[in-house]
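Written below as structure tokens is the structure these notes are about.
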Amino acid sequence: MNERYSRQQLFAPIGEEGQKKIAKKHVLVIGAGALGTGNAEALVRAGVGKITIVDRDYVEWSNLQRQQLYSEADAKERIPKAIAAKRRLEEVNSDVAIDAIVGDVTAQELEELIRERKPDLLIDATDNFDTRMIINDAAYKYHIPWIYGACVGSYGISYAFIPGKTPCFHCLLETVPTGGLTCDTAGIISPAVQMVVAYQVAEALKILVEDWSSLRNKLVSFDLWKNQHAAIRVDQVKKDDCPTCGAHPSYPYLSYDQQTKTAVLCGRNSVQIRPAGQRNYDLQELAELFAKQGLRVDANPYLVSVSLGEQRLVVFQDGRALIHGTKDIQEAKTIYYRYLG
Amino acid sequence: MELVINGESIQVPNEVKTVSDLLAHFQLNKKIAIVEVNLTIIPKQQYETTTLCNGDKVEIVHFVGGG
């Protein structure tokens, strides 16, 4: 028995057999922000065989309060998150193979990743619903479990989606929400992150040791500041005509017209972003939300414009946005999801 | 009326009669939420017609995107 994992193996539902299974598994962690770093560190310490971690962003000072794998040096040097995460994870456990990918996760890229690398489990550590819809479609198409996790403020939510067993994200949501509250507009405290990570990693370990009967099977949410906790069994929400998990799936979010479209506007130092599907913003509400963050906001009946230092974000009612002051699509997407979720 | 919301007994104002009213009361009406009343999930189309009674056990989970 490897001393390193002795306490985990003493835990009867895992045991030596479970540890052997964990060591053979490959987990794809999508996003290396707060949830991504928390999940990745826990899984690496648990001795998972391989982790692939993908992120398009770099480390900033505002990440250090909760993104547990990063240091001041990473923020100073603006190291891409995937790279900084890999470096730290290799220090934590050199037995685990860590693959870092600096890049965006679109439908095409995710399908390629899954086909080439054949992960056993997908961990959602993204910051937006568009990407989660893509993860959901890909997970059900290739029959790979995925674990949803999200948090904002002191609130968090999680659910493990098992193709062939549970309803899918599409069944639960029906449409993509346009709430507007994100960690960058409503803030986030680290215990909310850690609680979601705990829910995600617990289900991940059950899946990795193939203890399917122990899965929670409930959508859970909590608010650590308001001292609330809720859990709902959502099996009954599964829809037979769901385009993702129904009898005749079409996986709409993997198709071209449901994807977020980006374009660099020539000569304008701007990027246009068109989100997947139809969004419908209450512009007045959006303007008030931005104003509450102390941002400089201009609005008219057709659009809301926010000044963000060197960049300016302009949002139209249908969710289309222009990010002025950059030609970098990744940077523009980061800004878009940071403020619009 | 007193409801048990997410495991906690909460007094709600008399104006709250339906699931739709309850969500509005908690300012969750514009969010995507799953609502369970006495262990049955209420479809969104029935929020306005599903009335609540004293002592009902309600679970509300709303979706967020951050992470």
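All heavy atoms count here, side chains included; hydrogens, waters and symmetry mates do not. Letters go in sequence order (proteins before strands), and every chain restarts at 1.
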For this session: Counting only heavy atoms closer than 4.5 Å, note whether B:I5 contacts chain A via side chain, backbone, both or neither.
Result: neither
Problem set entry | Side chain, backbone, both or neither of B:E59 within contact of chain A (heavy atoms, under 4.5 Å) | both
Give, as side chain, backbone, both or neither, the part of [X] having an atom under 4.5 angstrom from any heavy atom of chain B.
{"X": "A:A34", "result": "both"}
{"X": "A:L219", "result": "both"}
{"X": "A:Y159", "result": "neither"}

Out of [options], which one racks up the most heavy-atom pairs below 4.5 Å with chain B?
{"options": "A:Q228, A:Q236, A:H229", "value": "A:Q236"}
{"options": "A:V237, A:D124, A:V234, A:V220", "value": "A:V234"}
{"options": "A:I232, A:V196, A:L35", "value": "A:I232"}

For this session: Could you grab the distance from atom CG of B:N6 to atom OG of A:S221, nearest 0.5 Å is fine?
Result: 6.0 Å
Using a cut-off of 6.0 Å, state whether more than 12 heavy atoms not belonging to [X] lie near its atom [atom1].
{"X": "B:Q11", "atom1": "CD", "value": "yes"}
{"X": "B:E48", "atom1": "CD", "value": "no"}
{"X": "A:K292", "atom1": "NZ", "value": "no"}
{"X": "A:R216", "atom1": "CZ", "value": "yes"}
{"X": "A:K226", "atom1": "NZ", "value": "no"}

For this session: Quick one: sort the A:Y148 and B:F63 rings into parallel, tilted or perpendicular, breaks at 30° and 60°.
Result: tilted
Exercise. Which atom names give the shortest non-hydrogen contact between B:V61 and A:A230, and what distance separates them?
Worked result: CG2-CB, 3.9 Å
Exercise. Of the non-hydrogen atoms in B:G65 and A:A150, which two are nearest, and what is the gap between them?
Worked result: C-CB, 4.1 Å
Exercise. Quick check: does any side chain N or O of A:R233 sit under 3.5 Å from a backbone N or O of B:L39, one acting as donor and the other as acceptor?
Worked result: no
